[in-house]
Amino acid sequence: MITRKLGSTGPTVSALGLGAMGMSDLYGPADEGESIATIHAALDAGLTLLDTGDFYGAGHNELLIRDALRGRDREEAVISVKFGGLRDPDGGWQGFDARPAAVKNFLAYTLRRLGTDYVDIYRPARLDPAVPIEDTVGAIAELVQAGHVRNIGLSEVGAATLRRAAAVHPISDLQIEYSLLSRGIEAEILPTARELGIGVTAYGVLCRGLLSGHRRGDRQLPPTDFRAHSPRFQGENLDRNLALVEALRGVAEGQGATVAQIAIAWVLSRGQDIVPLVGARRRERLTESLGALNVKLDAGDLAAIERAVPPRAAAGERYAADQFAQLDSER
Ligand SMILES: NC(=O)c1ccc[n+]([C@@H]2O[C@H](COP(=O)([O-])OP(=O)(O)OC[C@H]3O[C@@H](n4cnc5c(N)ncnc54)[C@H](OP(=O)(O)O)[C@@H]3O)[C@@H](O)[C@H]2O)c1
């Protein structure tokens, strides 16, 4: 397995990470046995970075990871956990809480659910507008001191917040959406992360399945599915985005690769400091994603990919308006 180092202070991890969110939440029903088999297959293939959030399935995702890691060497996995998202019993979203006392409370529950005594990377899922980032990072730094957390990460924050956070404690990586359809970080956030020695764990690399080549124009999604509300999956936007995917399919076929593999390989090509997270929920999808590590893209291939999906070609914002408004990275 090819590895990459997360930032100047973070851990060395597999060049691809596995995001477990869809195994518990937001992307429709998942099969628990297949989810665990997928995590096992990932670890067996040498993939080390597992990403979760304590609010994915209201704790279910962490319990699933505990089950998958049972009987294995804890050091085999680099576990990245997001906290702060507040849910209700129906799966609704209630905002974010990153107050120092809440940070420590969330971690106490996370450690118990994961069945471990440390988290490799701990990060607030969003900037809590009511709490200075210095206070949140300061609280995690105390958890680092105490040995409960090994590295501090951030998620969906902008350049100014990166600077403020990094002044308090080294930040291993910023988790943020980055793909052929979401290139917003290139202007300011990515250069700032590089200046500060902060790595990037990129999510949405397949634009939540849209950029996988497997998705058709199905429009009937339950309200609990993220894509039922995502502007990119609605009406004419979906048609326009699927047309981009078909253009990319042409390039992929010329490469003897799949659309998903080209989309992942493109993100991998953007820098040694970027680790794509893929949301595979089944072994078949994982195998396809891992195949991206063997795709070699030269300058001509990269130009063809960008002709098929030019910057800013995506139709629709990457989040619905209420969630978009919570993104420090978009201010
Ligand atoms: N920090 C944040 O704010 C944030 C936000 C969202 C996600 N994340 C993290 O990022 C991880 C990845 O999520 P994502 O939304 O970025 O997922 P993604 O990889 O963009 O999309 C995953 C979806 O694509 C479909 N798919 C089709 N072909 C695939 C393939 N070859 N490999 C993988 N998936 C394929 C899967 O659906 P089927 O299984 O139905 O085929 C899956 O539900 C999450 O698990 C989470 O850990 C972080």
Side-chain angles (χ1 to χ4, degrees), residues 16-31 34-35 38-39 41-42 47 49-57 60-62 64-65 78-85 93 96 121-127 153-157 173-182 185 200-216 218 221 225-227 230 232-233 241 245 249 252 257-267 275-293 295 314 318-319 323-324 326-330:
L16 270 192
L18 179 66
M21 177 180 82
M23 297 176 181
S24 303
D25 219 347
L26 296 168
Y27 291 160
D31 179 281
E34 182 60 25
S35 295
T38 303
I39 295 172
L47 189 153
L49 178 62
L50 298 180
D51 185 69
T52 182
D54 61 8
F55 47 86
Y56 290 160
H60 178 268
N61 209 231
E62 292 178 325
L64 187 80
I65 289 176
V78 174
I79 306 178
S80 153
V81 181
K82 294 180 290 300
F83 67 86
W93 296 91
F96 292 90
I121 312 174
Y122 202 47
R123 70 183 88 237
R126 296 287 181 270
L127 179 69
L154 293 167
S155 168
E156 285 291 353
V157 300
D173 65 298
L174 169 66
Q175 189 174 113
I176 196 159
E177 187 163 358
Y178 188 40
S179 74
L180 278 163
L181 292 177
S182 302
I185 70 168
V200 168
T201 40
Y203 78 86
V205 170
L206 300 180
C207 198
R208 303 173 186 267
L210 178 60
L211 205 43
S212 68
H214 297 298
R215 205 165 175 89
R216 305 290 166 205
D218 44 332
L221 294 167
D225 193 308
F226 174 88
R227 296 164 292 208
S230 166
R232 291 186 173 170
F233 287 80
N241 291 328
V245 175
R249 196 188 300 279
T258 68
V259 174
Q261 287 169 342
I262 290 291
I264 298 166
W266 180 84
V267 174
V275 173
L277 294 173
V278 293
R281 311 186 300 166
R282 296 183 265 146
R283 283 167 285 184
E284 184 196 348
R285 298 293 199 226
L286 174 74
T287 303
E288 182 185 17
S289 299
L290 289 169
L293 294 167
V295 174
R318 59 195 184 96
Y319 279 92
Q323 294 183 14
F324 195 83
Q326 293 168 343
L327 300 174
D328 182 63
S329 51
E330 296 287 350

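Values below: all heavy atoms of this structure, side chains included; hydrogens, waters and symmetry mates excluded. Atoms within a ligand are numbered from 1 in the order they appear, just like the ligands themselves.
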For ligand 1, which is the ligand I care about here, please tell me if Ala125 has any N or O atom under 3.5 Å from one of the ligand's N or O atoms.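 So ligand 1 has no N or O lying under 3.5 Å from an N or O of Ala125.
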Less than 3.5 Å between some nitrogen or oxygen of Leu277 and one of ligand 1, yes or no?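 No.
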Grab the two heavy atoms, one from Ser179 and one from Gly204, that are nearest each other, plus how far apart they are.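 Taking every non-hydrogen atom into account, CB-O, 3.3 Å.
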For [atom], what is the closest protein heavy atom, and at what distance to 0.1 Å?
atom: atom 5 (C) of ligand 1; result: Tyr203 CE1, 3.1 Å
atom: atom 32 (N) of ligand 1; result: Ser289 OG, 2.8 Å
atom: atom 16 (O) of ligand 1; result: Gly204 N, 2.4 Å
atom: atom 24 (O) of ligand 1; result: Gly209 CA, 3.1 Å
atom: atom 15 (O) of ligand 1; result: Tyr27 OH, 2.2 Å
atom: atom 36 (C) of ligand 1; result: Gly279 O, 4.3 Å
atom: atom 44 (C) of ligand 1; result: Met21 CB, 3.5 Å
atom: atom 47 (O) of ligand 1; result: Asp51 OD2, 2.5 Å

So if I count the atoms of ligand 1 from 1 in the order they appear, which ones are less than 4.0 Å from some heavy atom of [X]?
X: Ala280; result: 33 (C), 34 (N)
X: Leu206; result: 18 (P), 19 (O), 20 (O), 29 (C), 30 (C), 32 (N), 33 (C), 34 (N), 35 (C)
X: Ser212; result: 27 (C), 28 (N)
X: Ser155; result: 1 (N), 2 (C), 3 (O)

Is ligand 1 under 4.0 Å from a heavy atom in the side chain of [X], in the backbone, in both, or in neither?
X: Lys82; value: side chain
X: Ala20; value: backbone
X: Tyr178; value: neither
X: Val205; value: backbone
X: Arg215; value: neither
X: Cys207; value: backbone

Among [options], which one has a heavy atom closest to [atom]?
atom: atom 40 (O) of ligand 1; options: Gln326, Arg281, Met23; result: Arg281
atom: atom 18 (P) of ligand 1; options: Arg126, Arg208, Glu288; result: Arg208
atom: atom 8 (N) of ligand 1; options: Phe226, Tyr56, Tyr319; result: Tyr56

Where the side chain of [X] meets the backbone of [Y], is there a donor-acceptor pair that is under 3.5 Å apart?
X: Arg232; Y: Leu181; result: yes
X: Asp25; Y: Gly57; result: yes
X: Glu330; Y: Leu327; result: no

Tell me whether the NZ or CZ atom of Arg208 lies within the 45° cone about the ring axis of Phe226 and under 6.0 Å from its centre.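 Ring-cation test returns yes.
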Check this for me: does any side-chain nitrogen of one of [X] and [Y] sit under 4.0 Å from a carboxylate oxygen of the other?
X: Glu34; Y: Arg285; value: no
X: Asp51; Y: Lys82; value: yes
X: Arg123; Y: Asp173; value: yes

Taking atom types as modelled, find out whether Tyr319 and Glu156 have a side-chain donor-acceptor pair closer than 3.5 angstrom.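 Short answer, no.
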For the residue pair Arg126 and Ser329, confirm or rule out a side-chain donor-acceptor distance under 3.5 Å.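 No pair is found: no donor N or O on one side chain lies under 3.5 Å from an acceptor on the other.
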Which word best sums up how the rings of Trp266 and Tyr178 line up, parallel for under 30°, tilted for 30 to 60°, or perpendicular for over 60°?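 Geometry flag for Tyr178 against Trp266: tilted rings.
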Spacing of CD1 belonging to Ile262 relative to CG belonging to Leu211, to within rounding of 0.5 Å: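 CG of Leu211 is found 11.0 Å from CD1 of Ile262.
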Separation of Met21 CE from Tyr56 OH (nearest 0.5 Å):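 It is 5.0 Å, given to the nearest 0.5 Å.
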Take Arg282 and Glu288 through the test salt bridge (charged side-chain N to carboxylate O under 4.0 Å, His left out) and record every step on the way to the result. CA-CA 10 Å; Arg282 296 183 265 146; Glu288 182 185 17; over 6 Å; no
